[in-house]
Amino acid sequence: MHPIPVFRHRWLPWALLAPQLMVTLVFFVWPALEAIYQAFLVQDPFGMSSRFVWFDNFIQLFEDPKYFESLVSTLVFSAGVTVLSMGLSLLLAVMADGVVRGASVYKMLLVWPYAVAPAIAGILWMFMFDPTIGIVAYALEQIGYHWNHRVNGDEAMLLVVIAAAWKQISYNFLFFLAGLQAIPRSLIEAAAIDGARPFKRFWTIVFPLLSPTSFFLLVVNIVYAFFDTFGIIHAVTHGGPGTSTTTLVYKVYHDGFIGLDLGGSAAQSVMLMLLVGVLTVVQFRYIERKVQY
Amino acid sequence: MVENRFGLRLLSHAVLWLGVLLVALPLWVAFVASTQAEGDLVSGTLSLWPGDHFLDNYRAVLFGAADVSVNVSVARMLLNSLIMALGIAIGKITISLLAAYAIVFFRFRARMLSFWLIFITLMLPVEVRIMPTFEVVANLNLLNSYVGLTLPLIASATATFLFRQFFMTIPGELLEAARVDGAGPIRFLFDILLPLSRTNLAALFVIMFIYGWNQYLWPLLVTTDDHYYTVVMSVQRMLAVGDADVTWHRVMPATVLAMLPPVLVVVLMQRLFVKGLIETEK
């Protein structure tokens, strides 16, 4: 594997690994197996008895229009967050890469939202869009648009997308800026000598060379939108109004803890685990490719 | 050379400032709201300048009960959050460092199996296995305790990977030399490896502290006793008032206080933060 000489010891490596393995087994592997097992059971509402039902929970899940709706909401939400936050960050990163002075000041002023918890980010934006006292809602009222995300599902979706994208701008910005700064100046200078204007240079040289970074960020943003935004949804909309902002992760929580449908919730967990598995493989394939450069 | 046009530069700065303002706007609005009197936040439009209730509002939430629905002070919640964030950050780093040390510097049976077992945790974020994890913690009697808040979250494939990558760049001669000088594995870890990993440790600590502080779903599930509430999840509890009016003059100071510590960490330790962020994604 690697040329490092190693220590030989009978029990020490196990002692060193023990804490990590224990935590992993007790809080990760066991619950995961439990979820898989429960996905094949149906429990009566009082939790007194359960019965093995093979794939019934999954069949029910796929036949449930609510699950399909939730999948669509998740896709809309993820697409919105990814496009909005990556677009804005790319714009800002390109501008920051271009300025000679002050790039580090801008960096400092743009990265701090990374530290804000998703739930808090959601509350900040919810307050700005509050139909009675929010300033954005007030501004919209002035131009004749009546905003109320508590009633209108599309507006609720837009609100959570904005909050989630806002928090992610800092992350994307940092990686785009690092990617931009890694592009050799000589290429851009050569294009400039050949007479390419800034806009053309961006589309024909910078943007293609940035594609590894963009692809990496695409995966990261999708993972973020799918799994790390529970706090935003829970704090801002509770999946509503109706089920218009119920994402897959929120539905697992809702069906399990509020609906008390253990089998259904477990089946959804299993589906999500499969999804994370696929996304992780994609991410690692990308990393392997990067190593070969 | 690339042309250096004044207009283009001006445009760049203008776009950047617009971006900075857009990003900062929610924070400013929250701060302004947190300084207003109760009555100013019930109706009408919010002023864009801070009011004169800064001290009153912050003192009220910090030292009194935060709200009618949350019967504990924000100071206590901040303490709980701090304990959880430190517990998670230190716990994650410690167990990952030890595990990576074993995997890189020892040869033993089931080495790769252990490695893959740890790797699996990458695929299982809390959000997708909430119910069973909750049951495990409930069965272990860890609800409403600091152990229950931190322990289930401290396994970390990311940190283990990071340390593994770093340890593999340590030249073999170093270990040879240490062995010749009579240092055993424990001595090597503490006297040579740890001092060398100092920056990595610090960078990782910054990232993990923020991760720990910002936990939301997990504390929401395992705490039913107000005394273990963390500040990030409590803000949501303060909003859940049903049909009553939201007490924004309480919620907003709590919100600002909830984000202040991690934001300060990022701003003050920016170099370490960026390093940690970029390395944990490698």
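Excluded from the calculations below are hydrogen atoms, water molecules and symmetry mates; all remaining heavy atoms, backbone and side chain alike, are included. Letters go in sequence order (proteins before strands), and every chain restarts at 1.
Of all heavy-atom pairs spanning A/I120 and B/A258, the tightest one is CD1-CB, 3.7 Å. Across all their heavy atoms, B/A102 and A/P13 have their closest contact at CB-O, 3.6 Å. Summarising the geometry of B/I210 relative to A/A115, their closest heavy-atom pair is CG2-CA, 4.0 Å, with the distance given to 0.1 Å. Between B/A110 and A/W14, the shortest heavy-atom contact is CB-CH2, 3.9 Å. Heavy-atom minimum distance, B/L277 versus A/F175: O-CZ, 3.9 Å.
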CA sep, side-chain torsions, deciding dist, call: B/F273, A/L174, side chain to side chain contact (heavy atoms under 4.5 Å, CB included): CA-CA 11 Å; B/F273 162 69; A/L174 275 179; 4.1 Å; yes
Full working for side chain to side chain contact (heavy atoms under 4.5 Å, CB included) between B/I186 and A/L12: CA-CA 9 Å; B/I186 301 284; A/L12 191 63; 4.1 Å; yes
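Heavy-atom distances place no part of B/M233 under 4.5 Å from chain A, backbone and side chain included. Using a 4.5 Å cut-off between heavy atoms, A/W125 touches chain B through its side chain atoms alone. Neither the backbone nor the side chain of A/Q268 comes within less than 4.5 Å of any heavy atom of chain B. If you measure heavy-atom distances from B/Y211 to chain A, you find no contacts under 4.5 Å at all. Looking at B/S156, the atoms closer than 4.5 Å to chain A (heavy atoms on both sides) all sit in the backbone: N, CA, C or O. Residue B/Q215: no heavy atom, backbone or side chain, is found under 4.5 Å from chain A. For B/A183, the part lying under 4.5 angstrom from a heavy atom of chain A is the backbone only. Proximity to chain A is limited to the backbone of B/R109, based on heavy atoms less than 4.5 angstrom apart. Contact of B/L220 with chain A is made through the side chain alone, with heavy-atom distances under 4.5 Å. Within the 4.5 angstrom heavy-atom criterion, no atom of A/V236 approaches chain B. Interface remark: B/V23 contributes backbone and side-chain atoms alike to the contact with chain A (heavy atom separation under 4.5 Å). Of the atoms belonging to A/M271, not a single heavy atom falls under 4.5 Å from chain B. Using a 4.5 Å cut-off between heavy atoms, A/K167 does not touch chain B at all. Residue B/F188 touches chain A through its side chain alone, counting heavy-atom pairs closer than 4.5 Å. Contacts of B/L140 with chain A are made by side-chain atoms alone, with heavy-atom separations under 4.5 Å and no backbone atom involved. Of the two parts of A/M108, the backbone and the side chain both hold a non-hydrogen atom closer than 4.5 Å to a non-hydrogen atom of chain B. Neither the backbone nor the side chain of B/L153 comes within contact range of chain A; no heavy atom of the residue lies under 4.5 Å from a heavy atom of that chain.
Per-residue counts of heavy-atom pairs under 4.5 Å with chain A were compared for B/L260, B/V232, B/L264, B/V137; the largest is that of B/V232. Listed options B/P152, B/A99, B/P262 were ranked by heavy-atom pairs under 4.5 angstrom with chain A; first place goes to B/P152. Ranked by heavy-atom pairs under 4.5 Å with chain B, the first of A/K107, A/M95, A/M126 is A/M95. Among B/M259, B/Q270, B/E135, the residue with the largest count of heavy-atom pairs under 4.5 Å with chain A is B/Q270. Taking chain A as the reference chain and counting heavy-atom pairs below 4.5 Å, the highest number among B/V265, B/L98, B/L22, B/V235 is found for B/L98. Chosen from B/L27, B/L18, B/L97, B/V267, the residue pairing most often with chain A at heavy-atom distances under 4.5 Å is B/L27. Chosen from A/V29, A/V249, A/L110, the residue pairing most often with chain B at heavy-atom distances under 4.5 Å is A/L110. Chain B forms more heavy-atom pairs under 4.5 Å with one residue of A/L272, A/L275, A/V252, A/L92 than with any other, namely A/L92. Interface remark: of the candidates B/L221, B/I154, B/L11, B/L221 forms the most heavy-atom pairs closer than 4.5 Å to chain A.
Between A/V111 and the choices B/V263, B/V266, B/V274, the side chain to side chain contact (heavy atoms under 4.5 Å, CB included) rule is met once, by B/V266.
Pairs passing the ring pair (Phe, Tyr, Trp, His ring centres under 6.0 Å) check and including a residue from residues 249-268 of chain A, sequence neighbours excluded, read A/F230-A/Y250, A/F230-A/Y253, A/H234-A/Y253, A/Y250-A/Y253, A/Y253-A/F257, A/F257-B/F134. Within the structure, every pair that satisfies the salt bridge (charged side-chain N to carboxylate O under 4.0 Å, His left out) test and touches residues 110-130 of chain A, not counting sequence neighbours, is listed here: A/D130-A/R150.
Atoms CG and CZ, from B/L217 and A/F227 in turn, are 13.5 Å apart once rounded to the nearest 0.5 Å. Taking CD1 of A/I135 as the reference point, atom CH2 of B/W28 lies at 11.5 Å (rounded to 0.5 Å). Note that the NZ atom of B/K92 and the CD atom of A/Q20 stand 8.5 Å from one another [nearest 0.5 Å]. Annotation: the span from A/L25 atom CG to B/I118 atom CD1 amounts to 9.5 Å, rounded to 0.5 Å. Atom CZ of B/F106 is separated from atom CG of A/L16 by 5.5 Å, given to the nearest 0.5 angstrom. Interatomic distance, A/L124 CG to B/L25 CG, rounded to the nearest 0.5 Å: 10.0 Å.
With contacts defined as side-chain heavy-atom distances shorter than 4.5 Å, the pair A/F28/B/V136 does not qualify. Inter-residue side-chain proximity for A/F127 and B/V251 is flagged as unmet; no heavy-atom pair is nearer than 4.5 Å. Side-chain contact between A/W166 and B/P26 is present, with at least one heavy-atom pair separated by less than 4.5 Å.
Classified by interplanar angle (parallel below 30°, tilted 30° to 60°, perpendicular above 60°), the ring pair A/Y106/B/H13 is tilted.
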